[in-house]
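The block underneath contains the structure these notes are about, expressed in structure tokens.
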Amino acid sequence: MDFEHAIKMDVRNNPIVRELDQARQRELWRWMLVGGALVGVILFSLWQRFSVMRVATQIESTERELGQARELQRRLRLDVERLSAPRRIEQLALRAHMIRADQKTTLIIVRPAGTSGGEQVVAHAEPQVAAAIPRRSVEAHR
């Protein structure tokens with residue numbers, strides 16, 4: 001019966017609480033700080049590496065665009081030089097029934113309204129071709 005009485009008897013152990021070990025808690029916090037610092041250093045290093053990679057990619061794309069722009073500029077300059085060649089302009093003027101100016105020819109330079117007559121356009125120090133009519137016909141209209 002003693003045995004039965006011991007099983008039914010309620011033993012109160014609730015008030016017994018383990019005490020915290022202060023030294024162990026300090027060591028745990030110290031390791032947490034060291035681990036956090038290491039994670040911070042690793043994250044900072046990765047952030048720097050990715051930003052360098054991003055800038056390198058931007059530099060490559062900008063250099064590629066610059067090369068394309070230079071090639072376009074070269075082509076456009078070539079077109080301008082080809083289209084503004086004096087020989088080509090002279091051929092176009094002759095096709096439009098214009099004649100070369102000489103001592104017996106009066107030059108009539110047609111300018112848009114609003115531009116002053118004092119402006120001169122010189123391209124490569126070559127003479128410009130303008131509409132010209134013989135002096136005889138100018139004098140006949142006067």
Side-chain angles (χ1 to χ4, degrees), residues 1-138 141-142:
M1 223 151 147
D2 261 343
F3 182 69
E4 189 175 303
H5 176 66
I7 293 176
K8 289 184 178 179
M9 190 174 147
D10 186 22
V11 178
R12 294 231 173 243
N13 286 336
N14 291 342
I16 300 174
V17 177
R18 269 189 156 175
E19 204 176 295
L20 289 177
D21 187 7
Q22 295 297 328
R24 188 171 181 189
Q25 288 294 316
R26 277 193 303 264
E27 184 179 348
L28 178 66
W29 280 109
R30 192 175 313 137
W31 281 110
M32 294 279 279
L33 287 174
V34 169
L38 286 175
V39 167
V41 167
I42 290 171
L43 288 176
F44 181 75
S45 174
L46 289 174
W47 175 62
Q48 291 293 318
R49 171 174 246 154
F50 288 133
S51 66
V52 166
M53 289 171 51
R54 187 182 69 243
V55 168
T57 305
Q58 288 175 345
I59 288 172
E60 285 180 18
S61 66
T62 304
E63 285 177 348
R64 187 172 39 253
E65 289 173 5
L66 179 64
Q68 291 171 350
R70 283 185 177 159
E71 178 62 25
L72 179 63
Q73 180 185 22
R74 186 187 69 78
R75 276 192 241 137
L76 291 175
R77 280 189 181 173
L78 188 64
D79 285 346
V80 166
E81 291 297 322
R82 183 180 55 81
L83 293 173
S84 65
R87 186 174 294 160
R88 179 182 176 277
I89 293 173
E90 183 179 0
Q91 288 173 354
L92 290 174
L94 291 175
R95 277 191 217 149
H97 305 294
M98 294 182 180
I99 59 173
R100 286 194 179 101
D102 57 1
Q103 295 295 332
K104 298 178 184 179
T105 309
T106 302
L107 290 177
I108 299 174
I109 300 175
V110 180
R111 297 184 198 275
T115 60
S116 65
E119 296 175 356
Q120 275 190 337
V121 178
V122 178
H124 305 291
E126 298 282 337
Q128 295 180 353
V129 176
I133 46 178
R135 285 183 193 245
R136 289 177 300 236
S137 64
V138 171
H141 288 316
R142 286 185 184 175

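What you see is a predicted model; the values in this text were computed from it and never measured. The basis for the numbers below is simple: all heavy atoms, side chains too, and nothing from hydrogens, waters or symmetry mates.
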Where do R88 and R82 come nearest, in terms of heavy atoms and distance?
CD-O, 3.5 Å
Got a second to check how far L76's CG is from E71's CD, nearest 0.5 Å?
10.0 Å
Locate the shortest heavy-atom distance separating L83 from I89; write the atom from each residue and the value.
O-CG1, 4.1 Å
Do side-chain atoms of T57 reach the backbone of M53 as a donor and acceptor pair under 3.5 angstrom?
yes
Just verifying a value: how many Å separate L38 CG and L43 CG, rounded to the nearest 0.5 Å?
11.0 Å
Mind running side-chain contact (heavy atoms from CB on, under 4.5 Å) on R64 and Q68 for me, showing each step along the way?
CA-CA 6 Å; R64 187 172 39 253; Q68 291 171 350; 4.2 Å; yes
To the nearest 0.5 Å, how far apart are CG in D79 and CZ in R74?
10.0 Å
If you measure from the Lys or Arg side-chain nitrogens to the Asp or Glu carboxylate oxygens, is any gap between R24 and E27 under 4.0 Å?
no
